[in-house]
Amino acid sequence: MAVIFDFDGVIAESETLANEVLADAITALGYPTTLEEALREYCGRRFSDVIGMIEGRLGTPVPADFEQTLFDNTLAALAGELEEVPGAKSFIRSLSGTSYCIASSSHPARLDLCLRRLDLVDAFGPRVFSASEVPKGKPAPDLFLHAAEQLGVSPAQCTVIEDSESGVLAGKAAGMHVIGLVAASHLPPDQSEVLARAGADAVMRSWTEVADFFGAAAGRTDGQAAASSINSG
């Protein structure tokens, strides 16, 4: 059994910080964009795909220095203000006897900075996989299939924890079971319905609810029997 964590909006309260920077950058190019629009359009996608979408809206390539400046400004915001989604670290550290990893659309350098900021480098070690490692990002299944292969488990043995529609679609396309998590502060009120429509097998509102669910399956919080319960559903 294996648990595959998305990162932004699942473990890290990073989406508001990153999308504020993104909205300001797109607006400066002459395409006015609000935080809410940035969250709706670009959340859960890898950086290269976001740039392509921006260029499509502009009808022209972004300036030569746009990508690096956006990346640097995003890292600066995360380094100074990033916090965990409440309860995420406690849940991760409670896992025992279960393989787990991160599979995120974010760039490896951004993931490394955020994991250091949250003191989670040792919790995951090398089991941190980025969409930059696969041909197609979410909602394609490539990243989750890559993560399962690296963990040495079949897709059917994996439970994904995701907060975005594209992530849920990717998990289901990979043949995995998916918990939609709506614990992050940036998510709109109807996100539970969005994730359910995308195919999430269950939608939960907090890490406490996730921990209770995993623990109830076996009378403990190590997650192994809970993952088995989900995967047999």
Side-chain angles (χ1 to χ4, degrees), residues 1-12 44 46 85 87-106 108 111 115 120 122-183 195-233:
M1 298 299 171
V3 178
I4 301 179
F5 296 90
D6 179 40
F7 187 71
D8 298 288
V10 168
I11 294 173
R46 64 181 176 179
V85 174
K89 293 198 291 185
S90 177
F91 178 80
I92 292 164
R93 288 169 175 157
S94 76
L95 292 174
S96 175
T98 301
S99 297
Y100 62 92
C101 69
I102 288 170
S104 170
S105 296
S106 287
L111 286 168
L115 287 167
L120 284 173
D122 291 341
F124 287 95
R127 303 183 310 280
V128 179
F129 309 112
S130 166
S132 63
E133 301 173 38
V134 296
K136 295 181 180 179
K138 303 172 188 178
D142 301 33
L143 177 58
F144 288 136
L145 293 174
H146 174 67
E149 181 180 6
Q150 296 302 306
L151 292 179
V153 297
S154 70
Q157 292 179 299
C158 296
T159 295
V160 170
I161 303 180
E162 266 283 358
D163 72 312
S164 70
E165 180 181 19
S166 62
V168 171
L169 291 170
K172 297 307 296 181
M176 300 176 180
H177 293 262
V178 181
I179 292 176
L181 181 65
V182 292
L195 300 185
R197 286 197 301 269
D201 297 286
V203 179
M204 301 184 186
R205 297 186 176 277
S206 69
W207 277 111
T208 298
E209 189 174 344
V210 175
D212 289 346
F213 178 82
F214 272 57
R220 64 184 192 274
T221 58
D222 66 9
Q224 185 173 6
S228 177
S229 175
I230 295 171
N231 289 326
S232 65

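Only heavy atoms go into these numbers, but all of them, side chains included; no hydrogens, no water, no symmetry mates. Treat the numbers as computed from the prediction; the structure is a model and nothing was measured.
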Peer 1: Using 30° and 60° as the class boundaries, would you call the ring planes of Phe124 and Phe5 parallel, tilted or perpendicular?
Peer 2: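 Phe124 vs Phe5 ring planes: perpendicular.
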Peer 1: Are the side chains of Cys158 and Val153 in touch, meaning some heavy atoms are under 4.5 Å apart?
Peer 2: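 A side-chain contact exists here, since the closest heavy-atom pair is under 4.5 Å.
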Peer 1: Do Arg127 and Gln150 have side-chain heavy atoms sitting under 4.5 Å apart?
Peer 2: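 Result no, sub-4.5 Å side-chain heavy-atom pair not found.
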Peer 1: Starting at OG of Ser99, measure out to CG of Leu151 and round the result to the nearest 0.5 Å.
Peer 2: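 Result: 5.5 Å between the selected atoms.
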Peer 1: Which residue pairs pass the salt bridge (charged side-chain N to carboxylate O under 4.0 Å, His left out) test with at least one member in residues 147-162, sequence neighbours excluded?
Peer 2: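 Only Lys138-Glu162 qualify under salt bridge (charged side-chain N to carboxylate O under 4.0 Å, His left out).
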Peer 1: Please list, chain by chain and in numerical order, all residues satisfying side chain to side chain contact (heavy atoms under 4.5 Å, CB included) with Leu145, sequence neighbours excluded.
Peer 2: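 By the side chain to side chain contact (heavy atoms under 4.5 Å, CB included) rule, Leu145 matches Pro141, Pro155, Ala174.
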Peer 1: May I ask you to test the Leu120-Ile11 pair for a side-chain heavy-atom distance under 4.5 Å?
Peer 2: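 Counting from C-beta outward, Leu120 and Ile11 do come under 4.5 Å.
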Peer 1: May I ask you to decide if Val178's main-chain N or O and Asp201's side chain share a donor-acceptor pair within less than 3.5 Å?
Peer 2: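 Yes: the side chain of Asp201 pairs with the backbone of Val178.
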Peer 1: I need the minimum non-hydrogen distance between Leu115 and Val128, along with the two atoms involved.
Peer 2: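 Shortest heavy-atom separation between Leu115 and Val128 comes out as CD1-CG2, 3.8 Å.
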Peer 1: Is there a side-chain contact between Phe129 and Phe144 in this structure, where contact means two heavy atoms from C-beta onward sitting under 4.5 Å apart?
Peer 2: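 Side chain of Phe129 against side chain of Phe144, heavy atoms only: no contact under 4.5 Å found.
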Peer 1: Quick one: are Val10 and Val85 in side-chain contact, heavy atoms under 4.5 Å?
Peer 2: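 The answer is no; the side chains never approach within 4.5 Å.
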Peer 1: When rounded to the nearest 0.5 angstrom, what is the spacing between CD1 in Ile102 and OG in Ser130?
Peer 2: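 Rounded to the nearest 0.5 Å, the CD1-OG separation comes to 11.0 Å.
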Peer 1: If I compare all heavy atoms of Ser164 with all of Gly167, which pair ends up nearest, and what's the gap?
Peer 2: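 Nearest pair, atom of Ser164 first, then Gly167: OG-N, 3.0 Å.
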Peer 1: Side-chain contact, heavy-atom cut-off 4.5 Å: Ile161 with Ile4?
Peer 2: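 The answer is no, as the side chains (C-beta and beyond) never meet within the 4.5 Å cut-off.
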